[in-house]
Amino acid sequence: GSTMDAIACIDKMIDLKLAGHNIRVSNNSWGGSAHDPALEDAFKAAEGAGILSMCAAGNESENSDLEPLFPAALPLDGIISVVASDESDSKAGFSNYGEVSTDLMAPGVNVLSLDTNGGYRTLNGTSMATPHVSGVAAAMFGLNPSLTVAQAKNILLNPDSFDQTLFVQTST
């Protein structure tokens, strides 16, 4: 889809939230290399509506601080950029990374997924990692509905909650 399609989806999500639907988390397993101020504004609006957005960091083995992928690299409080980890709890070789532009890692190698032809298969990618974080955030909001976007992000990124030795190699 196009950036305009993504913006339309974000706008619809915000409209549903404002209409009373309990939308607190969005999963964004997509991205592109072009920065679009309108897309950034849409994610700012989602944040303002109380929605925390998880974004896949990308699968090009690139430093996102130098070669950003959007929306993951948008410098917004309401976005968490997710790197893929492997079975050794290290950054997956294909995953984008960045000390400034990415936030945390989640399992992204050999993740069991539904197959479009029926059944299951394993897949790799930051698009496999991002839903893990989305699920954790949704559970947090379910347990504590009064959490703000900033509070939820601070909990998820609390240095006491992850293995800093492995994590420092790729992210903040």
Side-chain angles (χ1 to χ4, degrees), residues 1-14 16-17 21-34 36 39 42-43 46-47 51-64 67-74 76 78-98 101-143 147 149 152-153 155-158 161-163 166-167 169-172:
S2 70
T3 300
M4 293 310 297
D5 291 337
I7 292 169
C9 287
I10 295 166
D11 289 345
K12 180 65 174 180
M13 181 177 58
I14 294 168
L16 289 169
K17 169 106 171 110
H21 296 276
N22 187 22
I23 300 170
R24 300 301 311 272
V25 177
S26 72
N27 183 83
N28 299 276
S29 291
W30 55 275
S33 60
D36 188 320
L39 182 64
F43 276 101
E47 177 185 333
I51 300 169
L52 182 59
S53 299
M54 309 306 165
C55 298
N59 304 315
E60 294 79 30
S61 302
E62 293 180 347
N63 183 336
S64 295
E67 298 289 333
L69 184 81
F70 299 100
L74 289 172
L76 300 175
I79 287 182
I80 292 179
S81 177
V82 182
V83 174
S85 65
D86 63 17
E87 293 92 341
S88 300
D89 204 21
S90 296
K91 183 187 76 64
F94 59 79
S95 185
N96 288 2
Y97 58 93
S101 60
T102 62
D103 295 306
L104 53 80
M105 291 191 291
V109 174
N110 294 323
V111 176
L112 190 63
S113 302
L114 289 171
D115 191 321
T116 56
N117 295 321
Y120 299 91
R121 65 181 177 148
T122 57
L123 295 172
N124 302 325
T126 57
S127 291
M128 300 295 103
T130 304
H132 286 84
V133 183
S134 298
V136 169
M140 287 172 39
F141 282 120
L143 290 171
L147 280 177
V149 167
K153 185 173 182 176
I155 291 168
L156 286 167
L157 300 185
N158 183 331
S161 68
F162 55 82
D163 184 341
L166 292 174
F167 194 68
Q169 67 180 322
T170 60
S171 199
T172 55

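In what follows, residues are counted from 1 in the order of the sequence shown. Please read these numbers as outputs of a predicted model, since none were measured by experiment.
E67 is linked by a side-chain hydrogen bond (donor to acceptor under 3.5 Å, both in side chains) to nothing, counting only residues two or more places apart in sequence or in another chain. A106 pairs by the side chain to side chain contact (heavy atoms under 4.5 Å, CB included) definition with V82, A129, H132, V133, not counting sequence neighbours. In this structure, the side chain to side chain contact (heavy atoms under 4.5 Å, CB included) partners of S26, at least two apart in sequence or on a different chain, are M13, N28, I51, S53. Scored by the side-chain hydrogen bond (donor to acceptor under 3.5 Å, both in side chains) test, S85 finds no partners at all (sequence neighbours excluded). Contacts of T3 classified as side chain to side chain contact (heavy atoms under 4.5 Å, CB included), with partners at least two apart in sequence or in another chain: I7, D36, L39. Remark: A56 pairs with T126, S127, T130 by the side chain to side chain contact (heavy atoms under 4.5 Å, CB included) rule, at least two apart or across chains. In terms of the ring pair (Phe, Tyr, Trp, His ring centres under 6.0 Å) criterion, F43 has no residue partners (sequence neighbours excluded).
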- Do L156 and L52 pass the side chain to side chain contact (heavy atoms under 4.5 Å, CB included) test, and can you show the C-alpha distance, the side-chain angles, and the key distance before you say yes or no? CA-CA 11 Å; L156 286 167; L52 182 59; 4.1 Å; yes
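For K153 (side chain) and I79 (main-chain N/O), a donor-acceptor pair under 3.5 Å exists by modelled atom type. Side-chain atoms of D11 do not come within 3.5 Å of backbone N or O of A8 as any donor-acceptor pair. Put simply, the side chain of N96 never gets that close to the backbone of N63: no donor and acceptor are under 3.5 Å apart. Counting only distance, with no hydrogens or angles, the side chain of N59 and the backbone of F94 share no donor-acceptor pair below 3.5 Å.
The minimum heavy-atom distance between R121 and L123, with the atom names listed, is CZ-CD2, 3.5 Å. Across every non-hydrogen atom of S134 and M54, the tightest pair is OG-CG, 3.2 Å. Between A6 and W30, the closest heavy-atom pair is CB-CH2, 3.7 Å. Of all the heavy atoms in M140 and L147, the pair that sits closest is O-CD1, 3.9 Å. A42 approaches I14 most closely through the heavy-atom pair O-CD1, 4.0 Å. When every heavy atom of A46 is checked against every heavy atom of I10, the shortest pair comes out as CB-CG2, 4.1 Å.
The closest side-chain heavy-atom distance from S81 to S101 is not below 4.5 Å.
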Could you list the donor-acceptor pairs under 3.5 angstrom formed between side-chain atoms of residues 107-120 and any protein atom two or more places apart in sequence or on another chain?
{"residue": "N110", "atom": "ND2", "partner": "E87", "partner atom": "OE2", "Å": "2.6"}
{"residue": "S113", "atom": "OG", "partner": "V111", "partner atom": "O", "Å": "3.2"}
{"residue": "D115", "atom": "OD1", "partner": "N117", "partner atom": "N", "Å": "2.9"}

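Residue pairs meeting the salt bridge (Lys or Arg N to Asp or Glu O under 4.0 Å) criterion with at least one member in residues 127-136: none, sequence neighbours excluded.
With values rounded to the nearest 0.5 angstrom, S95 atom OG is found 9.0 Å from E60 atom CD.
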